[in-house]
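Only a predicted model underlies this, so the values are computations on that prediction, with no experimental measurement involved. We count residues from 1, following the sequence as given. When a ligand or atom number is given, it counts from 1 through the structure's own listing order.
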Amino acid sequence: MKIRIRVPATIAAALACITVARGAHAQPGTPPGDDPVILIHAGRLFDSERGVMLQNRDILIRGTRIEQVGAGLPVPAGAREIDLRNRTVLPGLIDAHTHLLQSIRPTLRDTETEQMVVQAVMEGTPLRALRGGARAGAYLRAGFTTVRDLGNSGRFGDAALATAIREGSVDGPRMFFSGPGLSPEGGQYVGVLAEHPEIVGNDYRIIRGADDGRAAVREAANRGARVIKVYADNTPNRARLSADELRAVVDEARRSGLPVAAHATSDDAIRQAVEAGVTTVEHAYDASDSTFRLMASRGVAYVPTETSAAILDRALELVAPAGERPDSAWRASYLARGYDRIRRAMQAGVTIVAGSDFYQDFGMPQGEASRQMLFAYRQAGMPAARVLQAATINAARALGDDRLGAIKPGAYADLIAVDGDPVADFEAVGRVRFVMKNGKVYVDGENAPIR
Ligand SMILES: [Zn+2]
């Protein structure tokens, strides 16, 4: 989530609330070579494909996959039973727009670019990846079992972290990462002098021509990227990729089987990205109604990186000294602009995919901060079930993996349980009491991450 605030003091962002990653915990009693069998009894279960809550369902898990879902399933011999009869079980949440390797904190002096440059040249990719590992743990404990991580990760530091998570060295969500975002000149490091291109190149892959765009996609694919991030425009300097470049990037990504996430803020750039055939549009700050209708007709999903009221208030507290904070009318109109975008997108029939774009330290675990985006969508008027779909099945479809985002036979055993029914009382989304990823339990009980 990018907070765009124009207040007397400069808003920026920055660094790492580093929560300490907890170590992995082996499932007890599993003979080597045997897939453990788990039967979960769920009081309520969210059917993400239909957007409805079901009562009293059992979930049979074998190894890393869900084998069966139904009412009153028999307990197989040797199965471990997990009683979540007083909980609501949901598919593991997906944040489709993260920056695990970036955290900058509010300051009154530096611009955001300056902080990012300092991060690039002084923090360095290895340390960013290690700190990203701590944040990854925070996402998992907050209920996110998958993230789509969209760059600002140094030189493929995201690839290193994704590998460490996949092999179990680091606890974290499944990580669909992009590598450096494909960008027009300057990246988002506006103001870095042309004689220091390596600084920009640390976090962005600058595209110069359609062939270069294709080459950049192949570089990312070669490093194991699961998604291509492209900047149709850069917010600060309004630099844009050409239609040719965007089409080449999308075409090459398609040949590599990779979806494309397009950062696009101006209406023109959004339209160009949609016409090029990207999978999702991120931010879409200035999208017109007709552009939203075009997105709906082309099946391009929207990732609204909006701010909840609570996060905005926290940001203002951190950034603006008392007495210099904007008044309540400013606050209301800031929030209203974001909510209006989401409402217009919904009215146009655009699929909403949840993505936080959190890369700022709000003094809370980053996973919890990201979960706040769901409250922003709810505050914008999205029905609770649709918010849950945005963070599960819709996001899974944007990732192009039908083993994610739903509790169904064949899906990964990625699920969470919350205290209460979030369709009736949305606050329940903030009360995550159980987290399982790939059949392994990471959180079980109130404030009880398994170590
Ligand atoms: Zn972002």
> Leaving out waters, which are not shown anyway, how many protein N, O or S atoms lie closer than 2.8 Å to the Zn ion (ligand 1)?
Replying inline: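 Count of protein N, O, S atoms less than 2.8 Å from the Zn ion (ligand 1): 3.
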
Could you list the donor-acceptor pairs under 3.5 angstrom formed by side chains in residues 391-398, with sequence neighbours left out?
{"residue": "Thr392", "atom": "OG1", "partner": "Leu388", "partner atom": "O", "Å": "2.7"}
{"residue": "Asn394", "atom": "ND2", "partner": "Ile352", "partner atom": "O", "Å": "2.9"}

> Which of parallel (below 30°), tilted (30 to 60°) and perpendicular (above 60°) describes His283 and His263?
Replying inline: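 Because their plane-to-plane angle is over 60°, the rings of His283 and His263 count as perpendicular.
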
> Do the rings of Phe362 and Phe358 sit parallel, tilted or perpendicular, given the 30° and 60° boundaries?
Replying inline: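 If you compare the ring of Phe362 with that of Phe358, the planes turn out perpendicular.
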
> Can you list the residues that meet the salt bridge (charged side-chain N to carboxylate O under 4.0 Å, His left out) rule with Arg254, with sequence neighbours excluded?
Replying inline: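 If we apply the salt bridge (charged side-chain N to carboxylate O under 4.0 Å, His left out) test to Arg254, skipping adjacent residues, there are no hits.
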
> Can Arg223 be said to sit on top of Phe156's aromatic six-ring, NZ or CZ under 6.0 Å from centre and within 45° of the ring axis?
Replying inline: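 Ring-cation test returns yes.
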
I'd like a table of donor-acceptor pairs (distance under 3.5 Å, sequence neighbours excluded) in which one partner is a side-chain atom from residues 191-201, with atom names and distances.
none

